[in-house]
Enquirer: 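One structure, pasted below without further comment.
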Amino acid sequence: MSEIDDVLKANEGYAPRFALRHLSKHPARRLAVLACMDARLNVEQALGLAPGDAHIIRNAGAIVTDDALRSLVLSHHELGAREIMIVGHTECGVLGLDDAELRARLAVQFGPAEKPASFHGFLDLENNIREQMDKVKSHSWLRGRVVVRGFVYDVKTGALREVSAD
Ligand SMILES: [Zn+2]
């Protein structure tokens with residue numbers, strides 16, 4: 001059985017006991033979290049969030065890509081989020097990633113591709129978080145309207161450490 005078949009089986013047990021139909025599409029705690037997709041980071045557990053509390057946006061590296069911005073703008077302007085957390089983590093797979101090397105390797109193996117335009121590899125965890133915070137804070141539709149704070153999650157301790165804005 002594939003992993004997807006396995007999770008479908010789990011859903012068959014979940015749906016009959018479903019108890020979340022009362023939830024609003026507006027996040028109850030008016031919070032949006034942009035976090036890395038790392039499988040070790042359980043955002044809801046680590047932050048004490050219940051279903052319905054917050055928007056959780058995830059991608060490799062917690063990067064404020066065009067699509068992450070799309071979600072954050074909607075989260076604030078359409079769905080009421082007032083605070084944004086950006087959460088990277090220790091041992092991130094994107095830390096030290098060489099974009100050009102990976103792109104070249106994949107092109108050799110599988111042929112050229114235009115997308116993704118970048119893998120957003122970075123060299124410094126804290127600086128990356130700062131850059132992502134800046135992208136949100138400087139966007140004209142979000143600037144001055146939302147609180148933006150950045151954090152590094154330690155995959156060995158479960159603790160969050162705040163990254164200063166500058
Ligand atoms: Zn990561």
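Remember, it's 1-based here, ligands and their atoms both numbered in the order they're listed.
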Enquirer: Check this for me: Q109, atom CD, are more than 12 non-hydrogen atoms of other residues, nucleotides or ligands nearer than 6.0 Å?
Expert: yes
Enquirer: Is any side-chain N of the basic residue among R40 and D38 closer than 4.0 Å to the acidic one's carboxylate O?
Expert: yes
Enquirer: Indicate yes or no: does R30 engage E83 in a salt bridge with an N to O separation below 4.0 Å.
Expert: no
Enquirer: Hey, is CG on L123 packed in by over 12 heavy atoms from elsewhere, all under 6.0 Å?
Expert: no
Enquirer: Check whether more than 12 heavy atoms from other residues, nucleotides or ligands sit under 6.0 Å from atom CZ of R58, and answer yes or no.
Expert: yes
Enquirer: Please determine whether residues L47 and V163 belong to a single hydrophobic cluster, defined as Ile, Leu, Val, Met, Phe, Trp and Tyr linked transitively by side-chain heavy-atom distances below 4.5 Å.
Expert: no
Enquirer: Around the Zn ion (ligand 1), how many protein N/O/S atoms fall inside 2.8 Å?
Expert: 3
